[in-house]
Undergrad: 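Please read through the structure below; I'll follow up with questions.
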Amino acid sequence: MNIYRPPSGAKTKVSALKYSSKTEDMNGLEEGVEFLPTMNTKKLEKRGPKRWVVVVIVVSVSLLLSLMVGLLVWHFKYRAAPVLKSYNGHMRLIGTRFIDAYENSSSPEFAALAKNVKLMLLDIYSSNLDVGAFHKDSEILAFSEGSVIAYFLSTFSVPKHKTDALENGIANFQNLTLMATGKGRNRAFQVESLTAFPTDEDIVKAARDNRCKYALHAKEGKVTSFSTPGFPNSPYPSNMRCFWALRADANAVISLTFTTFDFEGCNEGEDFVKVYNSLSPVEERSLVKLCGSFDFSYNLTFISSQNVLLVMLSTDAKGRFPGFHAQFFQMSKTACGGVLRGLSGNFTTPYYPAYYPPNLDCVWNIEVPKDKNVKIRFNEFHLADPGVSNSCPKDYVEINGVKYCQPSKGFVVMSKTNKITVRFHSDNSHVDNGFWAEYLSFDSDDPCPGKFTCKSGRCIKKELCCDGWLDCADASDEMNCNCTENQFRCHNNMCKPKFWLCDKVNDCGDNSDEQQCECPPNNFKCNNGKCIPGQQECDGKADCEDGSDEGKCGSAVTVTCQSYTYKCRNNRCLSKRNPECDGVADCSDNSDEANCTCGLRVYNKKSRIVGGMNSDLGEWPWQVSLHARNEGHVCGATLVSNKWLVTAAHCFVEKNYIRYGDPTLWTAYMGLLDQEKRSNSHVQKRNIKRIISHPYFNDFTYDYDIAVMELSNPVEFSKEIIPICLPDISHEFPVGEDLTVTGWGRTHETAAGASILQKANIRVINQTMCESLMANQITQQMMCVGILTGGIDACQGDSGGPLVSVQESGRMFLAGVVSWGDGCARRNKPGIYTRVTKLRTWIKEKTGL
């Protein structure tokens, strides 16, 4: 090893060099090596800062970073964006008496009481740290009697992480008896209870805006009217919240009726009216929300449970309609319940058929002679927000310890003795028309003389037992039956007609009639029964012969044109089922949405039941009544444009030497409800210019039973006169779908025609089943629709009228034309209708529609 030695005489700065085993260029010494003096006898080493200094620096930096992160989290999560929460509520005060001056929020008496009540409210809030710490502002809005009820609005500014605590704190005040004077202040009254509910900011702003607020007090023996601003000469204002505070004298209640109600449709915007059983707009006291339009015959009468009501109007920036006209008056409270004796009788909810009041409890003790039992039959039953039928958490009827809130019309409850107790309860919100019931006495040994007795107590004809139909709501007429050769046995042991197998309808109730028709797992079943691999569904290719694997995929795919596909104007075809007028432009040229000013009625209808029921004005605005000279109403028809009608060809067959095919013989009435009231402002009357019956119509088989009529002059569309939509040839009306038939025909086979337009819901029946019921009579141009149990059907005088389908959007299409049937409403004899889709091309050729 060669060791470098400096020349003699040179100053020696370094006596040693820190050694590295690495092979390095000695001319390039490592930067930062420490040179030690030669006189240092200690061990030669490289030294850095002391260890404790490094630890202190690292810990300090970590603490600083943690502090900064904590401050940022606190700032952005808790401090920077507090949440505003508002609550509407009321306080019941005791120790003070209501005076008339409290109705006027500008009076000194109101201001003085409001000041004291607000202080009391603040005391209550401050007693809970999760509430008082975040209170921002409170305002006393109104007072009412009872002794005095104070209505208030409170706003809180609370960190997001504390909102749950605030809500729990407010909830603890609800229905709480406080009996407190508040931090020792000497006040002349106390708080008996306080209730508060969350409210939205729009209501908060509206409550503080006095531009559209009205206070009205009913006068003894007089009816007071009010309406939306500008009614009837101008539409109600847009982007507005208006309030009408309605009052009556102490111990009275208010009856409020909307005599005119014409608003934007419920599916089209946010214009609505709410009625509250309070002077504070809290949802928990809301009786009803109204939108759309109602004709004068619709019952819109509401009863308060106390002497105040609040009506709120809310409008958006879009539709502008006439609004409402309302009347109210005060009346004495009606006692409900009581003792009923005798062989039979009737009883109803209070004020029936007006909407029953909220917060109500009624008890009827019913007693019939000792040697009889008693049954209750509900002829009408309409309760609001029924919820789950087994629990009935809101409004309900209770009999024999069982609660009922959504049974079918006509249900029966029986007792085992000559006494029975009926209880009715309504909660604080959402009301309805209630019930109309009758009590009947019967012999316990023979409840239904000559008939079959259902377990529920209902009486039916004996021949209806074991026929496959559930005539008893509890199915007791179909239990323990021996199936005939024309029936099959379901897994639940019920017997059903064989022709119900595999018709895509769960007739057994346990679906056993359809399970044997199902495809293997991971397969898709086409509408024609064919099974295909599941992955072929919605793959953009029609693997089913009828295209049903692509028809319900939600989106439209361009496919090869087939008989079942929708064809756009540009000749491209879509796989989507029924794309026309559904609000989505599926065709690239928008042709599927081009002609859609049809099928949407203006009046807001809420049909209660199906079959045999009067219609309301404007409910079926495309319905037409055809009158023959000197005969009155003969046939129905359907308005499909401002000058064309669709009806049945058999209406124009010559009979008794009368040439019904002569257009001059006929008059069409549009907008008609009652045949005895044809001369009113809603009705438009037109002569007929020409009648075109289908050239293939057979007056023996009724095949191709369709005709179109051209009006002499176009009609003017109105709320009562609107055309229906004509379906595309590819439009499907699947088996089991509910359709509605309307007309003025006979209500029974031997009865006279109806004066008021009737409506009935009926079901599409499988074509194969229909052919088995009506052997050798059904063609492809016909469709079977009805209720095979009988009792609901079209009849003479309904011919030519509409059979309509309601789509999910609320738009209605003409599915069929009333054609023929074997009698009317007979068991296992459905009605036969002309299938419009099969003749859609012919309609277009003749009318251009």
Undergrad: Begin from the C-alpha positions of Val83 and Phe134 and carry the test side-chain contact (heavy atoms from CB on, under 4.5 Å) through to its verdict.
TA: CA-CA 10 Å; Val83 178; Phe134 309 114; over 6 Å; no

Undergrad: Flag the pair Tyr102 / Phe110 as yes when their ring centroid distance falls below 6.0 Å, and as no otherwise.
TA: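 When the ring centroids of Tyr102 and Phe110 are compared, they turn out to be at least 6.0 Å apart.
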
Undergrad: Step by step, work out the side-chain hydrogen bond (donor to acceptor under 3.5 Å, both in side chains) result for Ser426 and Tyr396.
TA: CA-CA 7 Å; Ser426 66; Tyr396 58 83; over 6 Å; no

Undergrad: Given side chains that start at C-beta, do those of Phe152 and Val117 come closer than 4.5 Å, heavy atoms only?
TA: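 Phe152 does not reach Val117 side chain to side chain.
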
Undergrad: Is a side-chain donor-acceptor pair under 3.5 Å present for His90 with Ser280?
TA: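 Checked: Ser280/His90 side chains show no N/O donor-acceptor pair below 3.5 Å.
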
Undergrad: Specify the closest pair of heavy atoms between Met812 and Trp622, including all atoms of both residues, with the distance to one decimal.
TA: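 Reported closest heavy-atom pair: SD-CZ2, 3.3 Å.
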
Undergrad: Heavy-atom distance under 4.5 Å between the side chains of Asp271 and Asp316, does that happen here?
TA: yes

Undergrad: Please check if the side chain of Thr315 supplies one atom and the backbone of Pro237 the other of a donor-acceptor pair under 3.5 Å.
TA: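 Present.
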
Undergrad: Check the pair Ser615 / Trp620 against side-chain contact (heavy atoms from CB on, under 4.5 Å), numbers first and verdict last.
TA: CA-CA 8 Å; Ser615 298; Trp620 312 104; 3.1 Å; yes

Undergrad: Give the minimum heavy-atom separation between Ile722 and Leu600, together with the two atoms involved.
TA: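 Minimum heavy-atom separation between Ile722 and Leu600: CD1-O, 3.5 Å.
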
Undergrad: Please tell me whether Phe435 and Phe378 form a close aromatic pair, meaning their ring centres lie under 6.0 Å apart.
TA: yes

Undergrad: Between Asp262 and Ser293, do the side chains contain a donor N or O and an acceptor N or O under 3.5 Å apart?
TA: yes

Undergrad: Are Phe258 and Leu290 side-chain neighbours, meaning at least one heavy-atom pair lies under 4.5 Å?
TA: yes

Undergrad: Any side-chain donor-acceptor pair under 3.5 Å between Asn379 and Glu438?
TA: yes

Undergrad: So, the side chain of Thr257 versus the backbone of Gln327: is there a donor-acceptor pair under 3.5 Å, distance only?
TA: no

Undergrad: With a 4.5 Å cut-off on side-chain heavy atoms, are Leu309 and Val275 touching?
TA: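 Yes, at least one pair of side-chain atoms sits under 4.5 Å.
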
Undergrad: Are we looking at SG atoms under 2.5 Å apart for Cys581 and Cys725?
TA: no

Undergrad: Below 4.5 Å, heavy atoms only, C-beta onward: do Ile124 and Val191 meet side chain to side chain?
TA: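 In contact.
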
Undergrad: Is the shortest side-chain heavy-atom distance between Val397 and Phe381 below 4.5 Å?
TA: yes

Undergrad: Measure from the side-chain N and O atoms of Ser304 to the backbone N and O of Asn277, and report whether any donor-acceptor pair falls under 3.5 Å.
TA: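 Between the backbone of Asn277 and the side chain of Ser304 there is no qualifying donor-acceptor contact (under 3.5 Å).
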
Undergrad: Under 3.5 Å, side chain of Arg811 to main-chain N/O of Cys598, donor-acceptor pair present?
TA: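 Such a contact is found between Arg811 side chain and Cys598 backbone.
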
Undergrad: Is the shortest side-chain heavy-atom distance between Leu166 and Thr163 below 4.5 Å?
TA: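 The answer is no; the side chains never approach within 4.5 Å.
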
Undergrad: Tell me whether Lys85 forms a cation-pi arrangement with Phe156, defined as NZ or CZ under 6.0 Å from the six-membered ring centre and within 45 degrees of its axis.
TA: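 No, a cation-pi geometry is absent between Lys85 and Phe156.
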
Undergrad: Are Trp244 and Phe328 near enough that their ring centres are under 6.0 Å apart?
TA: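 Not under 6.0 Å, so no.
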
Undergrad: Kindly write out the residues that satisfy side chain to side chain contact (heavy atoms under 4.5 Å, CB included) with Cys362, not counting sequence neighbours, or none if the list is empty.
TA: Cys336, Pro350, Leu360, Trp364, Phe424

Undergrad: Treating Ser718 as the side-chain partner and Glu720 as the backbone partner, does any N or O pair qualify as donor plus acceptor under 3.5 Å?
TA: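 The answer is yes, because a donor-acceptor pair under 3.5 Å joins these two groups.
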
Undergrad: State the CD1-CG distance between Ile756 and Leu672, to the nearest 0.5 angstrom.
TA: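 Taking CD1 in Ile756 and CG in Leu672, the distance rounds to 10.5 Å.
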
Undergrad: Before giving the answer on side-chain hydrogen bond (donor to acceptor under 3.5 Å, both in side chains), spell out for Tyr87 and Thr199 the whole-Å C-alpha distance, their side-chain angles and the decisive distance to 0.1 Å.
TA: CA-CA 5 Å; Tyr87 291 83; Thr199 189; over 6 Å; no

Undergrad: Mark yes or no for whether Asn128, through its side chain, and Asp130, through its backbone, hold a donor-acceptor pair below 3.5 Å.
TA: yes

Undergrad: Please determine, by modelled atom types, if His425 and Glu398 share a side-chain donor-acceptor pair under 3.5 angstrom.
TA: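 Note: His425 and Glu398 side chains miss the donor-acceptor criterion.
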
Undergrad: Testing the basics here: between Ser86 and Leu153, what is the closest heavy-atom pair and its distance to 0.1 Å?
TA: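 Closest approach of Ser86 to Leu153, heavy atoms only: CB-CD1, 4.5 Å.
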
Undergrad: Heavy atoms only: give me the nearest Val148-Arg97 pair and the separation to one decimal.
TA: CG2-C, 3.8 Å

Undergrad: Nearest heavy-atom pair of Tyr214 and Pro229: which atoms, and what distance?
TA: OH-CG, 3.8 Å

Undergrad: Report the residue from Asp395, Asp432, Thr348 that forms a side chain to side chain donor-acceptor pair (under 3.5 Å) with Tyr356.
TA: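 The passing option is Asp395.
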
Undergrad: Apply side-chain contact (heavy atoms from CB on, under 4.5 Å) to Thr260 and Phe231, showing your working.
TA: CA-CA 10 Å; Thr260 301; Phe231 181 91; 3.9 Å; yes

Undergrad: Around atom CG of Asp249, are there more than 12 heavy atoms of other residues, nucleotides or ligands at under 6.0 Å?
TA: yes

Undergrad: Counting N and O atoms only, with roles assigned by atom type, does the side chain of Asn614 sit under 3.5 Å from a partner on the main chain of Leu757, one being a donor and the other an acceptor?
TA: no

Undergrad: Is it the case that Ser429 and Arg285 place a side-chain donor and acceptor less than 3.5 Å from each other?
TA: no

Undergrad: Is there a ring pair (Phe, Tyr, Trp, His ring centres under 6.0 Å) between Phe263 and Tyr236? Walk through the geometry before answering.
TA: CA-CA 9 Å; Phe263 272 67; Tyr236 50 73; 4.6 Å; yes

Undergrad: When rounded to the nearest 0.5 angstrom, what is the spacing between CD1 in Ile254 and CD1 in Ile303?
TA: 10.0 Å

Undergrad: Verify side-chain contact (heavy atoms from CB on, under 4.5 Å) between Phe226 and Leu246, making sure each step is shown before the conclusion.
TA: CA-CA 10 Å; Phe226 63 99; Leu246 312 182; 4.0 Å; yes

Undergrad: Look at the side chain of Asn680 and the backbone N and O of Lys677, then say whether any donor-acceptor pair between them is shorter than 3.5 Å.
TA: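 Yes; judged by distance alone, with no hydrogens or angles, the pair exists.
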
Undergrad: Any side-chain heavy atom of Met120 within less than 4.5 Å of one from Met91?
TA: yes

Undergrad: Report the C-alpha distance between Gln807 and Ser805 in whole Å, list the side-chain angles of each, state the deciding distance to 0.1 Å, and finish with yes or no for side-chain hydrogen bond (donor to acceptor under 3.5 Å, both in side chains).
TA: CA-CA 6 Å; Gln807 306 298 292; Ser805 167; 3.0 Å; yes

Undergrad: Return the minimal non-hydrogen interatomic distance between Asn433 and Tyr352, and the atom names on each side.
TA: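 Smallest heavy-atom distance, with atoms named: O-CD1, 3.1 Å.
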
Undergrad: Are any side-chain N or O atoms of Arg241 and backbone N or O atoms of Ser314, one a donor and one an acceptor, separated by less than 3.5 Å?
TA: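 No, the answer is negative, given that no donor and acceptor are paired below the 3.5 Å cut-off.
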
Undergrad: Within the distance-only criterion (no hydrogens, no angle test), does the side chain of Asn299 pair as donor or acceptor with the backbone N or O of Pro353 below 3.5 angstrom?
TA: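 Yes.
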
Undergrad: Considering only NZ, NE, NH1 and NH2 on the basic side and carboxylate oxygens on the acidic side, decide whether Glu283 and Lys274 come within less than 4.0 Å.
TA: yes

Undergrad: Return the CG to NE2 distance between Leu673 and His682, rounded to the nearest 0.5 Å.
TA: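 The NE2 atom of His682 is 9.0 Å from CG of Leu673, to the nearest 0.5 Å.
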
Undergrad: I'd like to know if the side chain of Tyr355 pairs up with that of Thr301 as donor and acceptor (distance under 3.5 Å, no hydrogens or angles considered).
TA: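 Tyr355 vs Thr301: no donor-acceptor pair found between side chains.
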
